[in-house]
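Since the model is a prediction, treat every value here as computed from it, not as a measurement. Lettering follows sequence order; numbering is per chain, from 1.
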There are 2 protein chains.
Amino acid sequence: MSPPKQFSDTIREWAEVFMHRSMRDFKRFMNDSGLSFTQVNLLMRLYHGGKIGVSELGGHLGITNAAASQAIDRLVKDGLIERSEDPQDRRAKRLTLTEEGHALIARGIETRGQWIAGLTEAFTPEQQAMIVSALTLLTEAARKTDE
Amino acid sequence: MSPPKQFSDTIREWAEVFMHRSMRDFKRFMNDSGLSFTQVNLLMRLYHGGKIGVSELGGHLGITNAAASQAIDRLVKDGLIERSEDPQDRRAKRLTLTEEGHALIARGIETRGQWIAGLTEAFTPEQQAMIVSALTLLTEAARKTDE
DNA sequence: TTAATTAGTTAAGAGCGCTTATCTATAATC
DNA sequence: GATTATAGATAAGCGCTCTTAACTAATTAA
């Protein structure tokens, strides 16, 4: 097999397996936490950081600011988000994860991490080191494209 | 930093960045295709292969057979799934992706693959080779745990 | 200071996706 | 052949999530 073909095949297979797995993980997380896809998405965005308002958050999620406001409402009631006035601009709201909300997402990420860690257990230390190097490169590159 | 700490940190960071990115990808795919999370999940399961019935499919998705039946109904109407009688057991249904359904999911996987491929472009050939090796190992290991 | 803009909320209504309960049809068991 | 079990579809109903439209309040521009 020629090198470029091997390269794209590898990536495609990886994408297939991991997309499939990711769906299962998300579904499980949604069921366990009782949250919708949009809600998890929203919490994730807040976890990822950066000041963000209601409308902008809705924009990222591809929904109207009305829908975002309602979704946030429910998450505030659930105690996962805190919504307070922005002292700089009293029209705007500051959205932050509560301790509980932060812990919830952290747990989700941790669970996913454990799965990967479990995958690598059977490998030799050399292989594990290689995987760590590769994932480090990919993570850095992904962070850069995150704008 | 001690080696084991570095290992778990690498995995956790990777999980964080890629979970975040995966959510965005799924959301975009859902919006573009006009499908719900459950529907994409369902199509993905069929794409992944293996004979599977309505109830079992629902079980995998964590929903009742009634819900699965309804979801399938909509996908059949959309022309993404074919539902035919199983000649072996006429109570059961054979569920298969139509050409259109298959192409839709393949396109989603392809898009994701392109993103990864784009990430690696900036790397040296040696780094790319390492990433390919690492992903190959991870893909194989993940396939094994997929039962 | 008045007018226009911006951030967010609220209200009404539509549709989706889920549940339980009921139903039909086929298959397996006695 | 009669009973029981299984696969799936259908119905009624509930709650969630989205939309558009109208609203309040704060900020910016004229």
Side chain of [X] - closest among [options]:
{"X": "B:Val54", "options": "D:dA9, C:dT10, C:dT26", "value": "D:dA9"}
{"X": "B:Arg90", "options": "C:dA27, C:dC18, D:dT17", "value": "C:dA27"}
{"X": "A:Ala92", "options": "C:dG8, C:dA12, C:dG17", "value": "C:dG8"}
{"X": "A:Ser55", "options": "D:dT27, D:dA9, C:dG8", "value": "C:dG8"}
{"X": "B:Gln70", "options": "C:dT26, D:dT27, D:dT10", "value": "D:dT10"}
{"X": "A:Arg91", "options": "D:dC18, D:dA9, C:dA7", "value": "C:dA7"}

N/O donor to acceptor pairs below 3.5 angstrom from side-chain atoms of residues 130-139 of chain A, sequence neighbours left out:
from     : atom 1 : to       : atom 2 : distance (Å)
A:Ser133 : OG     : A:Ala129 : O      : 3.0
A:Thr136 : OG1    : A:Val132 : O      : 2.7
A:Thr139 : OG1    : A:Leu135 : O      : 2.7

Using atom [atom1] of [X] as one end and atom [atom2] of [N] as the other, report the distance to the nearest whole Å.
{"X": "B:Asn31", "N": "D:dT17", "atom1": "CG", "atom2": "P", "answer": "15 Å"}
{"X": "B:Phe37", "N": "C:dG15", "atom1": "CZ", "atom2": "P", "answer": "25 Å"}
{"X": "B:Leu42", "N": "C:dG17", "atom1": "CG", "atom2": "P", "answer": "11 Å"}
{"X": "B:Lys77", "N": "D:dA9", "atom1": "NZ", "atom2": "P", "answer": "11 Å"}

Taken to the nearest 0.5 Å, the spacing of A:Glu56 CD from A:Arg45 CZ works out to 8.0 Å

Touch check for [X], heavy atoms < 4.0 angstrom, all strands: base, sugar-phosphate only, or nothing?
{"X": "B:Asn65", "value": "base"}
{"X": "A:Ala66", "value": "base"}
{"X": "B:Glu85", "value": "nothing"}
{"X": "A:Thr64", "value": "base"}

Practice task
For atom CZ of A:Arg83, decide whether the heavy atoms of other residues, nucleotides or ligands shown that lie under 6.0 angstrom number more than 12.
Solution key: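 Count over threshold, so yes.
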
Taking for A:Ile72 and for A:Lys27 the nucleotide of DNA chain C with the nearest heavy atom, the one nearer the 5' end belongs to A:Ile72

If each of A:Asp86 and A:Ile63 is mapped to the nucleotide of DNA chain D with the nearest heavy atom, which maps nearer the 5' terminus, i.e. the 5' end?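 The residue mapped nearer the 5' terminus is A:Ile63.
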
Report task. Taking only Lys NZ, Arg NE, NH1 and NH2, and the carboxylate oxygens of Asp or Glu, determine whether A:Arg12 and A:Asp9 approach each other closer than 4.0 Å. Result -> yes

A:Trp14 vs B:Phe18 aromatic rings, parallel, tilted or perpendicular, using cut-offs 30° and 60°?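 Ring orientation, 0 to 90° scale: perpendicular.
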
